[in-house]
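Hydrogens, waters and symmetry mates play no part in the numbers below; they use all other heavy atoms, side chains included.
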Amino acid sequence: MLKSPLINAQQLRVIITSYILNCTDAVVLGDAGGGKTSLVKDLCKYLDVHCHYLNMAIMSPIDDKGLPFIKHDDDGSWMIEAVPFNWPREDGKIHVWLCDEVTRSTPAVLNAMLGFTDSRQLGGYRAPKKSVFIFTGNHTSDKGYTLELDEAFRSRYSILFLEQTWQEWCERFLAEEEGESCIAAFHRYHRGDWFFDGDPANDEFQRCRARTWSRVSELLKQGLPNEFQEKAIISYVGTRAASAFKLFCTEIWGQLPDGDEILANPETALCPVDDLGKLAILATSVGRAVTPELMNNLVKYINRMPDEFAMIAITDAARLNPENKKTAAFTTWQAEHSDLLHN
């Protein structure tokens with residue numbers, strides 16, 4: 001399949017928002033566990049539009065064509081189709097049909113959906129006028145069964161390829177998922193070395209995906225005893241990644257001051273400008289801990305850091321607590337560093 005240019009999550013949000021508001025159909029492809037489906041769901045929630053979810057991997061043609069049955073209608077028809085009862089009816093509102101796992105469906109299901117999106121009608125059922133179909137799926141190079149989308153399908157839609165970067169994921173993971181800070185710090189410390197690199201032949205990294213690290217975060221919140229927690233983490237990301245994460249937590253993360261300690265003494269707290277890995281950890285800690293009342297102290301601390309790490313801390317602070325952006329300290333720092341914010 002010829003590929004469109006890769007786009008990042010922020011670019012995808014802008015494009016899909018426009019598509020939803022203007023009822024433009026699209027296909028979003030990317031790595032498994034990269035956040036494609038959750039991104040569309042989150043946008044629907046944010047825009048306050050109905051999201052009708054269809055999992056195409058477990059559908060049959062009857063699911064999206066309706067069950068044929070015999071009935072005599074006034075127009076002389078003897079065969080009509082009864083679509084699922086929960087399909088939306090006309091109400092003047094925007095309806096997003098989120099058709100997930102498009103590359104794991106069957107040709108029969110794909111063809112049925114193609115006819116439906118073309119005509120917006122199945123038998124006696126007509127989709128709401130403001131319907132928009134967003135198909136999501138994995139790359140066809142991904143391991144496991146995937147269906148190559150043919151030209152008849154691809155020529156009808158905007159095809160978008162999401163590139164999931166570890167930097168963007170860390171920001172979203174902390175702000176939107178309320179994920180554990182140590183996991184974001186781990187990836188920032190290793191600069192994405194333990195984040196899935198997109199190589200389908202790399203078995204070790206097949207398990208180190210955005211989705212599995214999110215599951216590890218949920219696991220940490222359960223408070224399992226260490227010996228059981230370690231085995232559970234291995235079950236998600238594999239032995240090597242789990243060992244690297246354990247070493248990081250005990251030998252590095254646990255030995256550095258936390259965000260509260262830094263904010264209490266911003267001018268004297270540890271700031272090792274020659275250790276980029278530790279700077280990434282400290283920026284993550286302080287960005288997570290800051291409150292509007294302590295934004296002055298945050299600015300004092302990040303002014304001691306190289307720009308890259310100051311940006312990590314200030315971005316986390318803004319996304320985790322929007323009230324931080326309303327402070328005079330944030331506004332002043334933003335004005336003084338406008339060149340960083342626009343690059």
Side-chain angles (χ1 to χ4, degrees), residues 1-59 64 94-107 109-114 116-118 120 127 130-169 171-173 176-177 195-198 200 209-212 214:
M1 179 191 296
L2 292 176
K3 290 189 176 181
S4 304
L6 292 171
I7 60 176
N8 61 38
Q10 182 57 39
Q11 293 168 330
L12 183 63
R13 287 188 187 93
V14 174
I15 294 172
I16 294 298
T17 296
S18 178
Y19 283 3
I20 290 174
L21 296 177
N22 293 279
C23 298
T24 302
D25 300 339
V27 178
V28 181
L29 301 177
D31 296 325
K36 305 174 294 295
T37 304
S38 60
L39 185 148
V40 177
K41 287 182 176 179
D42 289 344
L43 281 179
C44 289
K45 184 177 181 180
Y46 173 75
L47 296 170
D48 194 25
V49 300
H50 176 76
C51 182
H52 184 63
Y53 179 81
L54 299 175
N55 187 334
M56 296 181 64
I58 60 175
M59 290 173 65
D64 56 357
I94 294 176
H95 289 264
V96 172
W97 299 72
L98 177 51
C99 306
D100 197 15
E101 303 287 8
V102 62
T103 52
R104 296 184 63 208
S105 64
T106 65
V109 169
L110 201 61
N111 288 333
M113 288 301 297
L114 190 63
F116 182 33
T117 57
D118 267 356
R120 265 34 180 194
K130 293 183 179 180
S131 286
V132 52
F133 289 83
I134 306 293
F135 296 89
T136 57
N138 300 342
H139 286 304
T140 53
S141 60
D142 200 35
K143 285 193 171 183
Y145 169 77
T146 52
L147 176 69
E148 184 78 29
L149 303 178
D150 62 23
E151 184 61 30
F153 189 88
R154 289 185 286 119
S155 63
R156 285 169 164 80
Y157 310 102
S158 169
I159 310 291
L160 304 169
F161 288 87
L162 173 63
E163 180 182 31
Q164 176 75 55
T165 67
W166 61 268
Q167 295 96 327
E168 283 185 321
W169 178 81
E171 291 181 15
R172 180 172 63 85
F173 170 73
E176 299 175 18
E177 299 184 26
F195 197 83
F196 176 59
D197 61 4
R209 299 176 182 268
R211 180 184 295 149
T212 47
S214 295

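Taking SG of Cys99 as the reference point, atom CE of Met59 lies at 7.0 Å (rounded to 0.5 Å). Atom OG1 of residue Thr37 and atom CD1 of residue Ile134 lie 11.5 Å apart, to the nearest 0.5 angstrom. Atom OG of Ser38 and atom NZ of Lys45 lie 12.0 Å apart (nearest 0.5 Å). Annotation: the span from Glu171 atom CD to Trp166 atom CH2 amounts to 10.0 Å, rounded to 0.5 Å. Taken to the nearest 0.5 Å, the CG atom of Leu12 stands 9.5 Å off from the CD atom of Glu168. Of the inter-residue distances, the one linking Phe173 atom CZ with Ser214 atom OG reads 5.5 Å to the nearest 0.5 angstrom.
For the pair Cys44/His50, no side-chain contact is recorded, criterion being any heavy-atom separation below 4.5 Å from C-beta on. You'll find the side chain of His95 stays beyond 4.5 Å of the side chain of Val132, heavy atoms only. The closest side-chain heavy-atom distance from Thr117 to Phe135 is below 4.5 Å. Ile16 has its side chain within reach of Leu160: a pair of non-hydrogen atoms, C-beta onward, lies under 4.5 Å apart. The closest side-chain heavy-atom distance from Asn138 to Lys36 is below 4.5 Å. Contact annotation: the side chain of Met113 approaches that of Phe133 to within less than 4.5 Å [non-hydrogen atoms, C-beta and beyond]. Under the 4.5 Å side-chain criterion, counting only non-hydrogen atoms from C-beta, Val109 is not in contact with Pro107. Counting heavy atoms from C-beta on, the side chains of Asp118 and Phe116 never come closer than 4.5 Å.
Listed for the Thr17 side chain is a donor-acceptor partner under 3.5 Å among the backbone atoms of Arg13. Without hydrogens or angle criteria, Arg154 side chain to Leu149 main chain gives a donor-acceptor distance under 3.5 Å.
Put simply, the residue from Leu98, Leu39, Leu29, Val27 that forms a side chain to side chain contact (heavy atoms under 4.5 Å, CB included) with Thr136 is Leu98. When Ile15, Asn22, Val14 are each tested for a side chain to side chain contact (heavy atoms under 4.5 Å, CB included) with Ser18, only one passes: Asn22.
Scanning both residues, Ser105 and Leu110, for their nearest heavy atoms gives OG-CD1, 3.9 Å.
Relative ring orientation between Phe153 and Tyr157 is described as tilted, the plane-to-plane angle lying within the 30° to 60° band.
Using a cutoff of 4.0 Å between basic side-chain nitrogens and carboxylate oxygens, Asp25 and Arg156 are not scored as salt-bridged.
Within a 6.0 Å sphere centred on OH of Tyr53, heavy atoms belonging to other residues, nucleotides or ligands number more than 12.
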